[in-house]
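Chain identifiers are assigned alphabetically (A, B, ...) following the order of the sequence lines, protein sequences preceding nucleic acid strands; residue numbering begins at 1 within each chain.
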Amino acid sequence: MTTYIAQRLIIFFPMLLVISFLVYSGLELSPGDAVSHMISPELASTITAEQLDAMREAYGLNQSFITRYWIWLTSMVQGDMGYSMAGGVAISEIMVKTVPATLELSMVALFFSTILGCSLGVISALKRGSGTDNSLTVAGMAGVSIPEFFFGLVAILLFAIELKWLPVGGRLMPHYETVWDRIPNIVLPSLVLALMMTAGAMRYARSSMLDVLAREFITTARSKGMPEWRVNILHGFRVALTPVVVLIGFRLPLLIGGSTIIEQVYQWPGIGSMFIRSVRASDYPLVMTISLMYVFVVLTASLIIDVLTALIDPRVRLGKE
Amino acid sequence: MAKTSLDKKFDQIKKREEEKSFSTKKRSRIVSKFLNNRLAVFGLIIFTIIILASLFAPLLSPYDPMRVDLRSMRQAPSFDHWFGTDSTGRDVFTRVLFGGRVSIFIGLGSAILSAVVGIAVGCYAGYKGGWIDVIALRVSEIFMSFPQIILVLLLVSITGQSLFNLMAIFILTGWGGMYRLARARMLSLREEEYVQALRSFGLSTFTICYKHMLPNALSPIMVNITLSTAMFILTEAGLSFLGLGVPLNIPTWGNILNVAQDILILQNYWWMWGPVGLVISVFVLCVNFIGDGLRDSTDPSQQG
């Protein structure tokens, strides 16, 4: 087991390094450098080439590409993420503000989608081939076919504008005092996100449950004269859901990627809407840091999944050695 | 000698063989299985209707999708304008038809091209193994370390926005999945006896993997192409909705929806974004139905 974890870790760090290098050089290829973005169009006509060069030297832009990458990498490792080009705010400060908002949204959505997905999946497995099963399958396909932002817009129109039950968007208001004040804001975005995630969870729970129901211990339980609901709930449900919950729990990367557009629709001040804003403004340091943070989360999550599946299923770790 | 019942049976088989009704048997089983799937057939019909409607858009609508007509702006749906008009008086129905051309072209085109790249690499690397396979696998892992939308946005910020760039980005982000699929099929096919026989005949690697092995891996690939078409259409819509996809002057489904970011339009002019959102959803749903039908009808474990 230790060798298996060690193997995964050996891949983990070089991967992160290679990706950071690729992203850094990719953004190097994009038009303009930091200095050209700092100068407003009005200033550009009056400024001389010497002044530009002086600025480049002051910011260290005249050094070679590799040197700059190395400086950036070492300061990144030490926790200095640099500064955003728009407004010169420290990127670490932006992260501290936006990451909790995204985590909050994702966690609530994950919670709802897991409960909903598992129960619907189990119901549809128990009633396999029935009208309920078929309509749940079709509903699940509709769930992955409707663009999430369109669904979000319809929800805004219906529940925020027409019925006025919930706010249109945003996360915090100046007059909010307790946690309870914030709940109406999170309901719409998290439910929209959760419904979009439910389809996958449902499909997974259904096939896992069908798998378990076909096993021999279920037949044994039935032949003992146990009531059907006890067989399903105590024996089937419990066994079927363990792998599902482990996997759904680590669909977090998918979720934080998926929340990007929803955050934008609901003006949720999370990392996703910040990323979109930085892409629009060509704020390259911010684009780079946020995308690398996503990569870090995805790689960490897949490392944890690998280790967990190896713990659950010994065939995985034996097969790889 | 009198004819036995067995002779009669043989005569029947011979007769059928002469009529060549056997040769199409395998195909017809897949087709008939697909046609028995009501959702898949429904999906195929709507899919075809939407594609034909956007192809023949100029015949179906008297309006120009780009022409601004300020006298008839923000009109509600009527007999003249089925989906109403937008803030600059352009006919929304016409724009949905013309937008379909671009959106479907991007979705289908990127899916097919990324399949071509993924298969070309995956077949060869999966069959040959060795350093090519190791490199391709690592490269695809790099692409898969990003959440898909984040990678697309990152690449958009590097390359800038254009139709061509967007398709290139989709291919770049999409080939990995197809490569892994093709590679996995090749790894299992590689050990089959017919492949060893071909190798001992001295056929070249290219002929073996592209001509003899690839057709056996085609059905999961077809399913995957339909599913990634659906995904690319949704991604294009999302990106254009954010204003980061196809440049706004080209009508696409996402670009038409872009106006819904304005809360006034969202509230007061539902026809500018509602119908097109519905069209995207229905189209993607149909593509998913087709993909599901294809999977069920070509899956060998369900054959019978």
Side-chain angles (χ1 to χ4, degrees), chain A residues 11 14-16 18-19 22-23 26-31 134 137-138 141-142 144-151 153-154 156-157 160-162 168-169 253-261 264-265 272 275-276 278-284 287-288 290-299 302, chain B residues 38-39 43 138-139 141-161 227 230-231 233-239 241-244 253-254 257-258 260-261 263 265-268 270 273-274 276-289 291-292:
Chain A
I11 303 175
M15 196 76 171
L16 208 56
V18 169
I19 291 176
L22 286 178
V23 172
L27 291 174
E28 185 75 16
L29 292 175
S30 61
N134 289 338
T137 310
V138 173
M141 288 179 87
V144 293
S145 302
I146 301 173
E148 50 191 357
F149 62 91
F150 178 64
F151 194 64
L153 290 173
V154 174
I156 290 183
L157 184 66
I161 296 177
E162 292 298 326
V168 172
L254 194 77
L255 194 63
I256 58 170
S259 76
T260 314
I261 296 182
Q264 184 69 21
V265 169
F275 187 63
I276 289 169
S278 62
V279 169
R280 276 188 184 155
S282 309
D283 190 343
Y284 294 124
V287 170
M288 184 159 62
I290 296 181
S291 45
L292 285 180
M293 190 211 68
Y294 277 118
V295 171
F296 182 76
V297 172
V298 171
L299 286 179
S302 69
Chain B
R38 255 180 292 167
L39 286 178
R138 287 279 167 264
V139 173
E141 267 174 17
I142 288 177
F143 283 109
M144 283 168 142
S145 306
F146 291 84
Q148 200 243 357
I149 181 91
I150 300 299
L151 181 57
V152 171
L153 281 171
L154 174 68
L155 291 172
V156 166
S157 95
I158 292 175
T159 59
Q161 284 172 250
L227 297 183
M231 190 193 70
I233 287 178
L234 285 181
T235 314
E236 184 277 321
L239 283 178
F241 169 70
L242 295 173
L244 291 167
W253 286 342
L257 265 168
N258 186 280
Q261 281 194 336
I263 197 118
I265 290 182
L266 183 68
Q267 187 172 0
N268 300 322
W270 59 270
W273 56 275
V276 66
L278 219 57
V279 169
I280 299 179
S281 309
V282 168
F283 187 79
V284 173
L285 186 64
C286 289
V287 173
N288 279 329
F289 281 155
D292 225 44

Pick whichever of A:Met15, A:Gln264, A:Glu148 has the most heavy-atom pairs under 4.5 Å with chain B. A:Met15
Could you give the distance from [atom1] ([X]) to [atom2] ([Y]), rounded to the nearest 0.5 Å?
X	Y	atom1	atom2	answer
A:Ile290	B:Leu153	CD1	CG	10.5 Å
A:Phe151	B:Ser281	CZ	OG	10.0 Å
A:Thr260	B:Ile149	OG1	CD1	6.0 Å
B:Leu242	A:Phe149	CG	CZ	8.0 Å

Contact part of [X] toward chain B, heavy-atom cut-off under 4.5 Å: side chain, backbone, both or neither?
X	answer
A:Leu22	side chain
A:Ile156	side chain
A:Val18	side chain
A:Ile19	side chain
A:Ile11	side chain

Interchain contact, [X] with chain A, by part (heavy-atom threshold 4.5 Å):
X	answer
B:Ile142	both
B:Gln261	side chain
B:Met144	backbone
B:Ala230	neither
B:Leu39	side chain
B:Leu244	side chain

Any sub-3.5 Å donor-acceptor pair from A:Arg280's side-chain atoms to B:Ser157's backbone N or O? no
Just give me the residue among B:Thr235, B:Asp292, B:Ile233 that pairs up with chain A most often, heavy atom to heavy atom, under 4.5 Å. B:Asp292
Using a cut-off of under 4.5 Å for heavy-atom pairs, which of B:Cys286, B:Gly160, B:Gly274 has the most such pairs with chain A? B:Gly274
Which atoms form the tightest heavy-atom contact between [X] and [Y], and what is the distance?
X	Y	result
B:Gly238	A:Ile261	CA-CD1, 3.8 Å
A:Phe150	B:Leu257	CD1-CD2, 4.1 Å
A:Val144	B:Leu234	O-CD1, 3.4 Å
B:Leu285	A:Ser145	CA-OG, 3.3 Å
B:Leu154	A:Phe275	N-CZ, 4.2 Å

Please determine whether side chain to side chain contact (heavy atoms under 4.5 Å, CB included) holds for the pair A:Val23 and B:Phe146, giving the CA-CA distance in whole Å, both sets of side-chain angles, and the decisive distance to 0.1 Å. CA-CA 11 Å; A:Val23 172; B:Phe146 291 84; 3.9 Å; yes
Please indicate whether B:Phe143 has more than 12 foreign heavy atoms, meaning atoms of other residues, nucleotides or ligands, lying under 6.0 Å from its CZ. yes
With side chains defined as the heavy atoms from C-beta onward, is the minimum distance between B:Phe241 and A:Leu153 less than 4.5 Å? yes
Stepwise side chain to side chain contact (heavy atoms under 4.5 Å, CB included) test for A:Tyr284 and B:Ile158: CA-CA 9 Å; A:Tyr284 294 124; B:Ile158 292 175; 5.7 Å; no
Starting from the C-alpha separation in whole Å, work towards a yes-or-no answer on side chain to side chain contact (heavy atoms under 4.5 Å, CB included) for B:Phe289 and A:Val138. CA-CA 9 Å; B:Phe289 281 155; A:Val138 173; 4.1 Å; yes
